[in-house]
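Data first, discussion second: the structure below is written as structure tokens.
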Protein chains: 2
Amino acid sequence: MASRGQRAADTASRVLDVAERLLQTRGYNGFSYADVAAELKLTKASLHYHYASKATMGEALITRYASRFAAALEQIDARPIDAPTKLAAYARLYAEVLRGKRMCMCGMLAAEYRTLPKPMRDAVIGFFDDNEAWLTNVLTRGREDGMLRFAGSPAETAQMIVSGLEGAMLVARPYDDMSRFQAAAGRLLENLVAPDPRRVGRITSN
Amino acid sequence: MASRGQRAADTASRVLDVAERLLQTRGYNGFSYADVAAELKLTKASLHYHYASKATMGEALITRYASRFAAALEQIDARPIDAPTKLAAYARLYAEVLRGKRMCMCGMLAAEYRTLPKPMRDAVIGFFDDNEAWLTNVLTRGREDGMLRFAGSPAETAQMIVSGLEGAMLVARPYDDMSRFQAAAGRLLENLVAPDPRRVGRITSN
DNA sequence: GTCTATAGGCAGATAGAC
DNA sequence: GTCTATCTGCCTATAGAC
């Protein structure tokens, strides 16, 4: 059938594209409907047709972001790679966000957490939970087959990785310096890799 | 001299006290003069007498916060303790902020960095630079006398510590869970302590 | 120093024409 | 779907009386 396909993304998703960038660079309380509308050459009223309230738009933003992230994690799982390489690929997801001069959306929202409407809060928590669950799985298997070595539980270690990478993004952004992130992320993960076998790839590319 | 002493803090500093808490919990773009005025039972106009603009108030907030932090670091240096214990004391400074359900002021401002006036941006960078300089010194001496062991430069490791602790606060706050911070911070620092000598204190208290 | 009053602008949101 | 027009409320900031 067809009708029109997806040649040009529909307005609703282009709205999210612009709002997403503003959210990740300026924060939820740092951009307005007027900002998004101006960039798309629409009116504020038109935006309200697509997203009745800013809170609704915020929920849609997190949902889409979390879905993309989840898809990226599935992509990593689809590749036949060992645990250390999976962790490196995971860190690379963060590096790519930072390369676009953006903060992780949910890291940004974590800072503003107390100002967010409840549905957005829950979605932020859900994002971190999902990430930690994935990491916990990788860490558990990696330790089992001897590729990883770390003290404490896999769940605790997953929390440390998530918060370590979020913090590395947070601090690197004011300096506008990717190498700060690379150094912190690399140091964070290299402590987890068992020293025995010959390692293949670097923790972070570029 | 004398006149009145400091019995009740003067209005200017009580303004900063309230604004500081709002900034650390809601972010710079998440509170207003009206919020501060209401809490102190003053009018917005009175606040403008003490701080002509919100940007001016913001600068004063960072300056005072950074001074306090610097004083706390001097306190640590005044004690006759080894490098691992200094690092533990450093992490405890962050833990105390988090216990008050606050984010590190400059971590919060790092998230909102792109929306800040230039003087505030510079002050945020200065805070991180000072912290990393202090840590770099501790790390350098600690490695020299064999109490610490880490790969990479002291400066890089200092960056990892700062960003790791900032991230641990950032993520722990939505969960309102101190133990998340304690776990991440503890894991972060224990990788730096040389295994040889008998260790004394835990990384974080409480 | 603190107030009342107000300016001038921008926020999120709605009504209703096209 | 997008528009014009408008509402209400909050924002930062200022003028000027007390």
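In what follows, every chain begins at residue 1, and chains take the letters A, B, ... in the order their sequences are listed. Both backbone and side-chain heavy atoms feed into the values below; hydrogens, waters and symmetry mates do not.
Under the ring-ring contact (aromatic ring centres under 6.0 Å, His included) criterion, B:Phe128 pairs with no residue, sequence neighbours left out. Partners of B:His48 under the ring-ring contact (aromatic ring centres under 6.0 Å, His included) rule, at least two apart in sequence or in another chain, are B:Tyr33. With sequence neighbours excluded, the residues that form a side chain to side chain donor-acceptor pair (under 3.5 Å) with B:Thr115 are B:Asn29.
The side-chain heavy atoms of A:Ile62 and A:Cys106, taken from C-beta on, include a pair separated by under 4.5 Å. With contacts defined as side-chain heavy-atom distances shorter than 4.5 Å, the pair B:Thr85/B:Ile76 does not qualify. Residues A:Val97 and A:Tyr65 have side chains in contact (heavy-atom distance under 4.5 Å, counting atoms from C-beta outward).
By the 6.0 Å and 45° rule, B:Arg187 does not stack over the aromatic ring of A:Phe150.
Where DNA chain C meets chain B (any atom under 4.0 Å from a heavy atom), the bounding nucleotides read 5' to 3' are C:dG1 to C:dT4.
Within residues 16-44 of chain B, the residues approached by DNA chain C to less than 4.0 Å at the level of any non-hydrogen atom are B:Lys41, B:Leu42, B:Thr43, in residue-number order. Within residues 46-62 of chain B, the residues approaching DNA chain C are B:Ser46, B:Tyr49, B:His50, by heavy-atom distance under 4.0 Å.
Among residues at least two apart or in separate chains, salt bridge (Lys or Arg N to Asp or Glu O under 4.0 Å) pairs with a member in residues 31-60 of chain A are A:Arg21-A:Glu39. Among residue pairs with one or both ends in residues 109-119 of chain B, those qualifying as salt bridge (Lys or Arg N to Asp or Glu O under 4.0 Å) are B:Lys118-B:Asp122; sequence neighbours excluded. Listed by first then second residue, pairs satisfying salt bridge (Lys or Arg N to Asp or Glu O under 4.0 Å) with a partner in residues 129-140 of chain B read A:Arg180-B:Glu132, not counting sequence neighbours. Sorted by first and then second residue, the pairs that involve residues 159-177 of chain B and meet salt bridge (Lys or Arg N to Asp or Glu O under 4.0 Å), not counting sequence neighbours, are B:Lys101-B:Asp176.
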Validation: residues 66-74 of chain B side-chain donor-acceptor distances under 3.5 Å, sequence neighbours left out:
residue: B:Ser67; atom: OG; partner: B:Thr63; partner atom: O; Å: 2.9
residue: B:Arg68; atom: NH1; partner: B:Glu20; partner atom: OE1; Å: 3.1
residue: B:Arg68; atom: NH1; partner: B:Glu20; partner atom: OE2; Å: 3.2

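Overall, the helix from C:dG1-D:dC18 to C:dC18-D:dG1 carries an axis bend of 0° between its ends, with five pairs at each end and the value rounded to 10°.
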